[in-house]
There are 2 protein chains.
Amino acid sequence: MEQILPHLDSVFSIDCVLFGFDGKELKILLIERNEEPFKDWWALPGNIVGADESLDQSASRILYELTSLRGIYMEQYYAFGDPNRHPQGRVITLAYYALIRLGGDKEPRPISTYAKRAKWLPITDLPKLAFDHQKIYDKGLEKIKRRIKHQPIAFELLPEKFTLTQLQHVYELILGKKLDKRNFRKKIVSFGVLKELDEKQKGVSYRAATLYRFDKRKYAKLFGKEISF
Amino acid sequence: MEQILPHLDSVFSIDCVLFGFDGKELKILLIERNEEPFKDWWALPGNIVGADESLDQSASRILYELTSLRGIYMEQYYAFGDPNRHPQGRVITLAYYALIRLGGDKEPRPISTYAKRAKWLPITDLPKLAFDHQKIYDKGLEKIKRRIKHQPIAFELLPEKFTLTQLQHVYELILGKKLDKRNFRKKIVSFGVLKELDEKQKGVSYRAATLYRFDKRKYAKLFGKEISF
DNA sequence: ATTACTTAGTGTAAAAATTACACACTATAT
DNA sequence: ATATAGTGTGTAATTTTTACACTAAGTAAT
């Protein structure tokens, strides 16, 4: 195919805020850069969009290369394109977030050459980030805060079977505030997208809680309607 | 500055859905293309992002070139980057919407060479659009539907002084449904961002309605809190 | 087996928000 | 003076939201 479009020296990349939940803390995956600029700084994982990749594919690829995970809920949320955001040239970047259940604790291995290592770091204690990545992260958190109030994305962070307390915990971490237990349960149950299982939590040294599962069928019917917290 | 970043043949553009309200209808500004591909088709106005422009600046420039308007509320809402969305090469485009009060009826003049003409067309009767512009428009409308429920953006479409009926009309057009007059007024007034003026509508052949103004100060205090319809 | 510990699980009343609904008023035009 | 067309207003019923505290169930230690 002939390229007859005008041509500019701009680079288009994708950066990802990968939110992970291990049952206790909300974390994001950061990489420690191995190259200038910002060598030795922590940064959001990202990469140039490939010539034949869609944007979503590109984001999935970045995720996969870092975590070997597929089928993760990802969503683009904002493009950052300040002419000076990258010291070495014009780089426009599209930010994605992903929500990941950190089952067990397989640390992601660093792979590409530009990263020394990758690490899940709790959002309550993040290092200084390279480029404008702090801004990108801030906007990402803001976005999922808003999103979790209207769409049932919290499930993406939990294992298939979970307790209501765990679910509430996720909401509290993302929204950054405590919620009333009884009201939370009343409300979340009233949406009708939870399926109570005949199964109890195991391995806890106290009364075991009932496990629930997210009911995707019921959710599909309800889709479009907004929920709210 | 040395360019040491990798280089790809991709083009980055911005497309705009300019929503306009003339007091009666909701319209968008379309241009009739003068060049292949899609010569003679209607399309969303758009352009390549300039080397030293921020994204917002670029969107504002596109708007300005078409309408001579400045200081208009614009917001980016989604990036479209399917590898095949442009028949002549890879073009990633970032979509913006704008909300514009169509005071009087100064038709925008077509300017750039790639457009035969530009025209405000009612959203109830849009032609087939070039490229994936229908998709871009659909997503834009969806976006402002959601946005108008939570943020007072409807004011951007109205003249500085407006009646409550006009305001309600805007909500109804965007949400695509009728609202109850008394409940609408109760609610919108309860937000406390309207200032009632000592002035009445003029030039109508029936009882003149009271004019209101949007109170930006009060809104600033309230910002962050969501409103809902 | 008793006790201490820890989290699970439940109800209600008050307050606030939402909905549904209809008619008299006022300015203008004829 | 009469017709017309849109303005502007209140209330009761319903639903949703909020605030709030104790008992039940299982585990661990003695």
Side-chain angles (χ1 to χ4, degrees), chain A residues 22-25 148-150 152 154 158-159 161-173 175-213 222 225-229, chain B residues 21-25 148-152 154 158-159 161-173 175-213 222 225-229:
Chain A
D22 61 6
K24 294 215 180 67
E25 285 179 303
I148 202 177
K149 287 189 197 171
H150 301 300
L158 290 167
K161 300 170 183 178
F162 52 85
T163 70
L164 294 183
T165 300
Q166 288 167 344
L167 182 57
Q168 181 177 346
H169 194 188
V170 169
Y171 271 89
E172 289 179 338
L173 283 175
L175 296 178
K177 66 178 180 190
K178 285 252 173 258
L179 301 172
D180 179 85
K181 180 160 68 161
R182 278 179 289 192
N183 293 339
F184 177 83
R185 284 165 183 238
K186 212 185 310 176
K187 187 151 206 174
I188 204 94
V189 166
S190 79
F191 294 140
V193 295
L194 288 184
K195 187 171 175 156
E196 188 174 345
L197 302 178
D198 280 338
E199 219 174 321
K200 301 273 172 183
Q201 201 178 16
K202 274 178 188 158
V204 289
S205 67
Y206 48 79
R207 177 180 180 180
T210 302
L211 291 170
Y212 287 77
R213 177 200 301 272
L222 191 126
K225 292 179 192 172
E226 295 196 345
I227 64 181
S228 80
F229 266 88
Chain B
F21 180 65
D22 60 6
K24 294 215 181 68
E25 285 179 303
I148 202 178
K149 287 189 199 172
H150 301 301
Q151 305 268 299
L158 290 167
K161 300 170 182 179
F162 52 85
T163 71
L164 294 184
T165 300
Q166 288 168 344
L167 183 57
Q168 182 178 346
H169 193 186
V170 169
Y171 271 88
E172 289 179 337
L173 282 175
L175 297 178
K177 66 178 182 192
K178 285 252 173 260
L179 301 172
D180 179 86
K181 181 159 69 160
R182 277 180 288 193
N183 293 338
F184 178 81
R185 285 166 181 238
K186 211 185 308 176
K187 186 150 204 172
I188 204 91
V189 166
S190 79
F191 294 141
V193 295
L194 288 185
K195 186 169 176 158
E196 188 175 344
L197 302 177
D198 281 339
E199 217 173 324
K200 301 273 173 185
Q201 200 177 18
K202 276 179 186 158
V204 289
S205 67
Y206 47 80
R207 176 180 181 181
T210 302
L211 291 171
Y212 287 78
R213 177 200 301 271
L222 190 127
K225 292 179 193 171
E226 295 196 346
I227 65 182
S228 80
F229 267 88

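- Rounded to whole Å, atom C1' of D:dG8 lies 16 Å from atom CD1 of B:I188.
- Applying the 4.0 Å criterion to OP1 and OP2 of D:dG8, one finds that B:T210 has a side-chain N or O inside that range.
- Put simply, NZ on B:K200 is 15 Å from P on C:dC25, counting in whole angstrom units.
- In terms of position along DNA chain D, the nucleotide closest to A:D180 lies nearer the 5' end than the nucleotide closest to the other residue of the pair A:D180 and A:A208.
- Nearer to the 5' terminus of DNA chain C, by closest-nucleotide assignment, is the contact made by A:K181 (compared with the other of A:K181 and B:Y206).
- At a cut-off of 3.5 angstrom, counting only N and O atoms as typed in the model, there is no donor on one side facing an acceptor on the other between the side-chain of A:R182 and the base of C:dA8.
- Although no hydrogens or angles enter the test, the distance criterion places a donor-acceptor pair under 3.5 Å between the side chain of B:E172 and the main chain of B:L179.
- With DNA chain D read from its 5' end, the first of the two nearest nucleotides for A:R207 and B:R185 is the one closest to B:R185.
- Within the 4.0 Å cut-off from OP1 or OP2 of C:dT18, at least one side-chain nitrogen or oxygen of B:K187 is found.
- For the pair A:S205 and A:N183, nearest-nucleotide mapping onto DNA chain C gives the more 5' position to A:S205.
- Side-chain N or O atoms of A:K187 include one that pairs as donor or acceptor with a backbone N or O of A:S228 at under 3.5 Å.
- Donor-acceptor pairing under 3.5 Å, judged by distance alone, is present between the side chain of B:K186 and the base of D:dT11.
- Going from atom CD of A:E199 over to atom P of C:dA8 covers 16 Å, rounded to whole Å.
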